[in-house]
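Working notes, structure below.
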Amino acid sequence: MTAPLPLFRQQVQDDWIDYNGHLSEAYYVLVFGFATDALMADAGLDADYRARTGCSLYTVEAHVRYLDEVARGSELTVRTTVLGADAKKVRFLHEMFVGEPAGDPVATEELFALHVDQGAGRAVPLPDAAHSRLAGLVAPAPAWAGRGIREI
């Protein structure tokens with residue numbers, strides 16, 4: 001059985017607060033980016049791997065939902081779920097909570113990423129160990145995943 005991903009934790013910094021007194025939208029994405037970095041490190045696609053191979057995951061599509069306000073100093077927890085992984089592609093999502101992951105998230109992000117050889121400028125297969133780890137983490141998608149922006 002594959003060990004689950006650890007939760008990512010981050011405290012909201014004072015300079016992340018906007019003119020409304022809440023977490024600015026860019027910093028939700030920053031925290032999600034840190035959670036993506038943690039997923040990559042867990043799968044063996046860390047800084048050493050990137051330096052050694054010139055390969056990395058590139059986000060090619062993302063959908064963020066801002067669901068609730070986040071106050072100054074909040075302790076954030078991000079739960080990451082891998083929805084699919086094939087030879088070159090990974091689909092995953094992040095759910096952000098204030099405190100422990102219970103109840104409804106304050107924000108979500110769904111991502112589609114390609115494993116890219118930066119020198120060649122094209123998608124290439126993931127290393128076997130990374131693919132195995134990511135594929136072993138695949139779980140069912142929540143009902144909200146895969147939906148676009150609502151029409152007016």
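More than 12 heavy-atom neighbours from other residues, nucleotides or ligands sit within 6.0 angstrom of CD on Gln118. Within a 6.0 Å radius of CG in Asp15, other residues, nucleotides and ligands contribute more than 12 heavy atoms. Heavy-atom neighbours of Asp104 CG from other residues, nucleotides or ligands within 6.0 Å: at or below the threshold of 12.
Note that OG1 of Thr59 and CZ of Phe32 are 12.5 Å apart. Values are rounded to the nearest 0.5 Å. Atoms CD and CE, on Gln10 and Met96 in that order, are 9.0 Å from each other to the nearest 0.5 Å.
Grouped by direct or indirect side-chain proximity (heavy atoms under 4.5 Å, Ile/Leu/Val/Met/Phe/Trp/Tyr only), Leu7 sits alone. In the hydrophobic clustering, Val116 connects to Tyr58, Val60, Phe112, Leu114, either directly or through intervening members, whenever side-chain heavy atoms lie under 4.5 Å apart. Cluster note: Leu67 groups with no other residue, as no ILVMFWY side-chain heavy atom lies under 4.5 Å from it. Connectivity analysis of hydrophobic side chains (ILVMFWY, heavy atoms under 4.5 Å, direct or indirect) links Tyr49 to Leu5, Leu39, Met40, Leu45, Leu57, Val82, Val90, Phe92, Leu111, Leu126, Leu134, Leu137, Val138.
Counting only residues at least two apart or on different chains, no salt bridge (charged side-chain N to carboxylate O under 4.0 Å, His left out) pair has a member in residues 54-64. Within the structure, the salt bridge (charged side-chain N to carboxylate O under 4.0 Å, His left out) test picks out the following pairs touching residues 27-44 (sequence neighbours left out): Asp42-Arg133. Within the structure, the salt bridge (charged side-chain N to carboxylate O under 4.0 Å, His left out) test picks out the following pairs touching residues 71-99 (sequence neighbours left out): Asp14-Arg72, Arg79-Glu95, Asp86-Lys89, Arg91-Glu110. Applying the ring-ring contact (aromatic ring centres under 6.0 Å, His included) test to residues at least two apart or on different chains, the pairs with a partner in residues 63-84 are Tyr28-Tyr66.
Residues satisfying the ring-ring contact (aromatic ring centres under 6.0 Å, His included) criterion with Phe8, sequence neighbours excluded, are absent altogether. Legend: residues meeting side chain to side chain contact (heavy atoms under 4.5 Å, CB included) with Arg147, ordered by chain and number and at least two apart, are absent. Glu100 pairs by the side-chain hydrogen bond (donor to acceptor under 3.5 Å, both in side chains) definition with Arg9, not counting sequence neighbours. Qualifying side-chain hydrogen bond (donor to acceptor under 3.5 Å, both in side chains) partners for His131, counting only residues two or more places apart in sequence or in other chains: none.
Summarising the geometry of Ser74 relative to Ala71, their closest heavy-atom pair is OG-O, 2.8 Å, with the distance given to 0.1 Å. Minimum heavy-atom separation, Thr77 to Pro101: CG2-CD, 3.9 Å. What you find for Arg50 and Ser56 is that their closest heavy atoms are CD-OG, 3.3 Å. Heavy atoms only, all atoms of each residue included: Ala85 and Ala135 are closest at CB-N, 4.0 Å. The two atoms that bring Val78 and Ala35 nearest to each other are CG1-CB, 3.7 Å, heavy atoms only.
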- Message: Could you walk me through whether Phe97 and Val106 satisfy the side-chain contact (heavy atoms from CB on, under 4.5 Å) test, starting with their C-alpha distance in whole Å, then the side-chain angles of each, then the deciding distance to 0.1 Å, before giving a yes or no?
- Response: CA-CA 5 Å; Phe97 299 86; Val106 295; 5.9 Å; no

- Check against side-chain hydrogen bond (donor to acceptor under 3.5 Å, both in side chains), Thr36 and His94: CA-CA 8 Å; Thr36 296; His94 301 300; 2.8 Å; yes

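His22 contributes no side-chain N or O that, together with a main-chain N or O of Val70, makes up a donor-acceptor pair within less than 3.5 Å.
Two residues are said to be in side-chain contact when any heavy atoms from C-beta on lie closer than 4.5 Å; Leu93 and Thr80 fail this criterion. Counting heavy atoms from C-beta on, the side chains of Trp16 and Ser24 never come closer than 4.5 Å.
Grouping the Ile, Leu, Val, Met, Phe, Trp and Tyr side chains by contacts below 4.5 angstrom, directly or via other members, places Val12 with Val31. Hydrophobic clustering (ILVMFWY, side-chain heavy atoms < 4.5 Å, transitive): Val98 and Val29 are in one cluster.
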